[in-house]
Amino acid sequence: MPVALVDCNNFYISCERLFNPKLEGKPIVVLSNNDGCAVSRSNEVKALGIKMGEPWFKMEQMARQHGIIAFSSNYTLYGDISSRVMATLATFTPRQEIYSIDESFLDLDGFPAHTLQDYGQKIRRTVKRNIGIPVCVGIASTKTLAKLANHCAKKDLAGNDGVCDLGQLDEAQRRALFQSLPVGEIWGIGRKISESLNQLGIETVEQLRAADPDFIRKRFSVVVERTVRELNDIACIELEQAGTPRQQILVSRSFGRSVVTLDDLKESVTYFTTRAAEKLRKDGSVANSVCVFIRTNPFKVNEPQYERSVVVPLMQSSDDTAMLVKAALFGLKHIYLPGYQYKKSGVMLMGLQPKGVTQGNLFDEIPISDEKSDSRMKVIDSINRKMGKDTIAFAGSGTRRSWAMRRERMSPNYTTRWDELVRAG
DNA sequence: ATGCTCCTGCGAA
DNA sequence: CTAACGTTCGCAGGAGCAT
């Protein structure tokens, strides 16, 4: 019954500090793609009042004033550290759900209740010692409550040094805690639903916990109803272990600067399709259609706006980069209009099925995969995995890359590139 | 009346 | 030097369509 939610503290910041201890105690932010917005903030930066998602150009003045150090996000590094943390956490439970790059649920069913607080401390110590990443642990009877407990651990609301086990609280303590927490802190209750709940006079976690589930379902949805039940110790949300492949794959980016020509858009679409196809093959899936979209910059209100997408069905489901690129470019030509300043494009692979499972048509005798294409793709994937993702690229993904992301504040790839580690040293 | 597919809104990290 | 606001995924519910 008990479940733990382990969440890394300021994960991207902690990763940057791991290899550059001088950053300890300094105000740091990690920026989103294109060095756009803050996606991870050190405690020092949070203390300055800088919000999650705040655009860099809006805080730049303040950054200069307080000596804030900004990094472009380095997902190769974060992904590598994440898998080490997850592997360590796996040793603490028979059943783990990796929920995001920095969070994991651990099933603690069967563990004696009075030992859980200590067990949480042991998890913290071990991850800190083995990987160097600080984490907080929330423990409770349901996933929703474990998330809430984790929040309490992070904010030190129960004075428990990074671990909060809601099971240790008596009824009065629990109620007092829940009365002090706004509904918006609950997993699944975002901005909109918070506002609507507030309209109904439901402002605290305790008030939502005490609400009538049937009423909540009628007024909101079955999702919010489940949340109410989970707040009352009734588990409704299963632990999801790895295995179910994705239903769609999306690769899209804002450009480092705006782009006008069809040629530049073709380059970007070819590149994104290539990355998407790699993910597809890694999942062992095939796609039956490709969606392409392009759009101008909606923040530039004085410029003419244009946004369009199209779905291109494939004759036959495929995981071959060449086939998918062909379909994507066909779609692009269809939606492209000259004369606009394009800021973003993207490619979505849809209708994903496990490879090798023929769908549908009994009369269709066309083989579902072509061996030549299969082995060609395997060779390309393996070389790109070892040597860096652009070692072998499809003609058409371009070498000019005038649309490339801005990443002017990158830290080195300490863990995945020897050359960059040496340079850093 | 019922069952679909497509689209939109929402939330999360 | 300049301009400058993220990405990816799943789910639920409603609209629209076909039967």
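Excluded from the calculations below are hydrogen atoms, water molecules and symmetry mates; all remaining heavy atoms, backbone and side chain alike, are included. A note on names: the letters A, B, ... follow the listed sequences, proteins ahead of strands, and every chain is numbered from 1.
- With dC10(B), dC9(C), dC5(C) as the candidates, the nucleotide lying closest to the side chain of L250(A) is dC9(C).
- Comparing dG13(C), dA13(B), dG6(C) against the side chain of C37(A) picks out dG6(C) as the nearest.
- dA13(B) atom C1' lies 17 Å from atom CD1 of I189(A), rounded to whole Å.
- Taking atom NZ on K51(A) and atom P on dA13(B), their separation rounds to 18 Å, with Å as the unit.
- Summarising the geometry, the separation between CG on N34(A) and C1' on dT2(C) is reported as 14 Å, rounded to the nearest angstrom.
- Distance from the side chain of R246(A) is smallest for dC9(C) among the nucleotides dA12(C), dC9(C), dC5(C).
- At a threshold of 4.0 angstrom between heavy atoms, the contacts of I186(A) are confined to the sugar-phosphate backbone, with no base atom among them.
- As judged by a 4.0 angstrom heavy-atom cut-off over every strand, L31(A) is placed among residues making no nucleic acid contact.
- Taking atom CD on E225(A) and atom P on dG11(B), their separation rounds to 17 Å, with Å as the unit.
- Looking at E307(A), Q305(A), K344(A) one by one, the single match for side-chain hydrogen bond (donor to acceptor under 3.5 Å, both in side chains) with T296(A) turns out to be Q305(A).
- Distance from the side chain of N33(A) is smallest to dT7(C) among dT7(C), dG10(C), dC10(B).
- Comparing dA13(B), dT7(C), dC10(B) against the side chain of E103(A) picks out dA13(B) as the nearest.
- Atom NZ of K344(A) and atom P of dT8(C) are 8 Å apart (whole Å).
- Comparing dG10(C), dG6(C), dA13(B) against the side chain of Q247(A) picks out dG10(C) as the nearest.
- Between the CD1 atom of I81(A) and the C1' atom of dA13(B) there is a distance of 18 Å, given to the nearest Å.
- In terms of phosphate contacts, R253(A) brings a side-chain nitrogen or oxygen within less than 4.0 Å of OP1 or OP2 of dT8(C).
- The distance between the ring centers of Y342(A) and F255(A) does not fall below 6.0 angstrom.
- The C1' atoms of dG6(C) and dG11(B) are separated by 15 Å, rounded to the nearest whole Å.
- Looking at heavy-atom distances under 4.0 Å, F11(A) makes no contact with the nucleic acid at all.
- Heavy-atom distances to DNA chain C give each of G36(A) and V222(A) a nearest nucleotide, and the one nearer the 5′ end belongs to G36(A).
- In the set dC5(C), dA13(B), dG13(C), dC5(C) carries the atom at the smallest distance from any side-chain atom of P55(A).
- Contact between the side-chain N/O atoms of S254(A) and the OP1/OP2 oxygens of dT7(C) is found at a separation under 4.0 Å.
- The K279(A) side chain lies nearest to dT8(C) when the options are dT8(C), dA12(C), dC10(B).
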Check against side chain to side chain contact (heavy atoms under 4.5 Å, CB included), R129(A) and T126(A): CA-CA 5 Å; R129(A) 171 160 43 79; T126(A) 308; 4.1 Å; yes
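- Residue D102(A) is classed as a sugar-phosphate contact, given heavy-atom separations below 4.0 Å to backbone atoms only.
- Out of dT8(C), dA13(B), dA4(C), the shortest distance to the side chain of E60(A) is found at dA4(C).
- Mapping R217(A) and M52(A) onto DNA chain C by nearest heavy atom places M52(A) closer to the 5' end of the strand.
- One atom, CZ of F272(A), and another, C1' of dG6(C), lie 13 Å apart when rounded to the nearest Å.
- Using a 4.0 Å heavy-atom cutoff across all strands shown, R191(A) reaches sugar-phosphate atoms only and no base atom.
- Salt bridge annotation for E54(A)-R41(A): absent, with no cationic side-chain nitrogen under 4.0 angstrom from a carboxylate oxygen.
- W56(A) comes within 4.0 angstrom of no nucleic acid atom, judged by non-hydrogen atoms across all strands.
- E54(A) comes within 4.0 angstrom of no nucleic acid atom, judged by non-hydrogen atoms across all strands.
- Formation of a donor-acceptor pair under 3.5 Å by the D319(A) side chain with backbone atoms of A277(A) is not found in this model.
- Taking the six-membered ring for Trp and the full ring otherwise, W56(A) and F71(A) have centroids separated by 6.0 Å or more.
- Closest approach to the S221(A) side chain among dA12(B), dA3(C), dA12(C) is made by dA12(C) (side chain taken as heavy atoms from C-beta onward).
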The test is side chain to side chain contact (heavy atoms under 4.5 Å, CB included); show your working for L89(A) and M86(A) and say whether it passes. CA-CA 5 Å; L89(A) 293 178; M86(A) 295 309 166; 4.2 Å; yes
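- For dT8(C), one of the phosphate oxygens OP1 or OP2 lies less than 4.0 angstrom from a side-chain nitrogen or oxygen of S252(A).
- Among the heavy atoms of the strands, none lies under 4.0 Å from I101(A).
- Rounded to whole Å, the distance from CZ on R41(A) to P on dA13(B) is 13 Å.
- Side-chain nitrogen and oxygen atoms of K147(A) include none within less than 4.0 Å of the OP1 or OP2 phosphate oxygen of dA12(B).
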